[in-house]
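Reading through the structure tokens given below for one structure.
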Amino acid sequence: MFRLDQYAYNNRLQKVHPGEKVAFALVTLLIVLAAPRPLIAALVIVMMAGAATVIAGIPFRFYLKLMLVPFSFLAASATMIALTISHQPQAGLRGVTIWGWTLGVTPEGLYLAARVLLKSLGATACLYFLSLTTPVVDILAVLRRARVPALLLDLITLTYRFIFVLLATVNDTYTAQVSRLGYASLCSSYRSLGQLAASLFIKTYRRSQELFTALTARGYQEELVVLETVYPFSWTFLCLGALFDLFLFFLMLLT
Amino acid sequence: MAPLLEAVKLSFTYPDGTRALQNVTLSIPPGKKIAVLGPNGAGKSTLFLHFNGILRPQEGCIYFAGNRIDYSHKALINLRRQVGIVFQDPDSMLFSASVRQEISFGPLNLGLARDEVAQRVEAALVATGIADLRDKPTHFLSYGQKKRVAIASVLAMEPRVIIFDEPTAYLDPRSTREVMALLADISRQGKTIILSTHDVDIAYTWADYIYIMARGRVIGAGTPAEIFCDAALLETADLARPWLLEVYEDLKNKGWLPATAPVPQKKEELLGLIPYRSRSILAI
Ligand SMILES: Nc1ncnc2c1ncn2[C@@H]1O[C@H](COP(=O)(O)OP(=O)(O)OP(=O)(O)O)[C@@H](O)[C@H]1O
Ligand SMILES: [Mg+2]
């Protein structure tokens, strides 16, 4: 989480206009979802990995680790999709047969599993590309341009900021408890964890009040107006992205 | 000089029954450096929240530039435009993940044009020495850096009065010096500064005028020299004497300084008073 966020602020595509990155990621995502054949999804996975690691400069190992998170879930579900249990003989079913029941795979099942797996990974790759290259603040700026209601955006702004405040508070409280043997036994661990949660609730409530006070002191009136960073359009990125998406689009039409 | 900001017979009790302020009267002259000293829980932060119209006094009233604050929407907006507060804990001020956006929030609320706001943000970044942090997310900043962002976010609003609630708490010696130098800069621009602190040394050298609070009351007021010569007052307020005064008096009592030596305001002044050894032997 922290590292992902850090790369979002420090990568070679950070200076590219966030609107371009959001558009590129979303259009590609749509193509992946709409494309009937898994070939396109596979292509997107490779291209997005390339864009994130080679072009944006995210370390390959970190990217791989990130991809492995959804992959382990998806692999489990894909396995379940691929497996078939049947009483009747089916065309192309191969597997083990016990008491007339067959547990095995059919070509269609395999194909379907591969499609689901690749599509999901392709979609994930698109979103990873966006979150690895674009800070949340910039994505919010794009959403504001797209006329998303200000209330929702303010909520996201505060939530995002407070994730870090909350994590820091959890960390401090937890350390303070550990240093006083709060987690020495199973029993005390349960008690400490309960107290951690309770104190977190109270502290969060106090923080929200303090924040409101501080915002009011600076003239807050129902909307968090801020100055957005102006990014120049990057024609190179725009052209490359558009070319890639067009290529995928025609590939989708042809196959 | 007519006071810029004034509290008259202010009393305030929190909903839980804590009497945080009792009959507090004090006035802030324009362009001066005012320190408010007092132990924890004395009511300093509560008083500051009144100066900005966040809290409303249950008794008494606040005057700004001679006008009584009537807590209408317009009066509050005007008060907050003129009086800025830098809160004790920067984490409670920062709402945005972007340093630039954070600083732009206040000036935009003033209704300024975006170009003007952008200029003010730049100026505030430079003044607080954090120009190189402008694109860093606020959650990866150190405490001292966050404090500077908080200061910049108020500076950019260019209020006439800036209140600093314990600006040097938790700062390392170097950051403390830098923040105090920044305050001196701001003061030179003609702004009025109010600061709360527990550090008697800082209050002694920095302030033009000092208020001492304890248990919700103002128990003393005066110039630094007056305040720190009043042993009984310091005793009741649990305050120590500044080291500068202690050393000065000891040197004087032991004859290292002439009896006519003026009371020093700064370390440099004291050092300047101490004569060289060859001459001082003759003096003894
Ligand atoms: N939100 C609140 N609800 C109830 N009581 C409060 C609240 N905030 C402060 N108090 C109480 O009011 C009194 C004055 O608090 P205040 O924060 O003004 O003191 P302070 O002089 O700023 O102290 P410190 O030096 O510790 O910052 C204290 O007794 C405190 O417990
Ligand atoms: Mg306080």
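Chain identifiers are assigned alphabetically (A, B, ...) following the order of the sequence lines, protein sequences preceding nucleic acid strands; residue numbering begins at 1 within each chain. Bear in mind the structure is a predicted one, so any value in this text is a computation, not a measurement.
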Which residue out of [options] racks up the most heavy-atom pairs below 4.5 Å with chain A?
options	answer
B:Ile85, B:Leu94, B:Asp135, B:Val117	B:Leu94
B:Pro159, B:Ala97, B:Pro137	B:Pro137
B:Gly84, B:Pro107, B:Gly53, B:Ser153	B:Ser153

Atom group of [X] that falls short of 4.5 Å from chain A, counting heavy atoms:
X	result
B:Met157	side chain
B:Phe95	both
B:Asp91	both
B:Leu79	neither
B:Ala118	both

Problem - Which of A:Val165, A:Leu224, A:Thr157 touches chain B most, by non-hydrogen pairs under 4.5 Å - result: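 Greatest number of close heavy-atom pairs with chain B: A:Leu224.
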Practice task
For chain B, find which of A:Asp138, A:Val136, A:Leu215 contributes the most heavy-atom pairs closer than 4.5 angstrom.
Solution key: A:Leu215
Any [X] side-chain heavy atom under 4.5 Å of [Y] side chain:
X	Y	answer
B:Ile77	A:Gln221	yes
A:Arg218	B:Phe105	yes
A:Arg207	B:Asp89	yes
B:His139	A:Asp5	yes
B:Arg80	A:Thr216	yes

Is it the case that atom [atom1] in [X] sees more than 12 heavy atoms from other parts of the structure closer than 6.0 Å?
X	atom1	answer
A:Phe60	CZ	no
A:Leu64	CG	yes
A:Met47	CE	no
A:Tyr190	OH	no
B:Tyr71	OH	yes
B:Tyr14	OH	yes
B:Gln189	CD	yes
A:Arg144	CZ	yes

Practice task
Give, as side chain, backbone, both or neither, the part of A:Tyr220 having an atom under 4.5 angstrom from any heavy atom of chain B.
Solution key: both
Practice task
Could you look at A:Glu228 and say if it's the side chain, the backbone, both or neither that has a heavy atom under 4.5 Å from chain B?
Solution key: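 It is both, since atoms from each part get that close.
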Over all heavy atoms of both residues, which pair between [X] and [Y] is shortest? Give the atoms and the distance, please.
X	Y	answer
B:Ile54	A:Ala217	CD1-N, 3.6 Å
A:Leu227	B:Ser104	N-OG, 2.7 Å
A:Ala214	B:Ser92	CB-O, 3.5 Å

Problem - Point-to-point distance, once rounded to the nearest 0.5 Å, from CD of B:Gln101 to CG of A:Leu140 - result: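 Spacing of CD (B:Gln101) from CG (A:Leu140) equals 8.0 Å.
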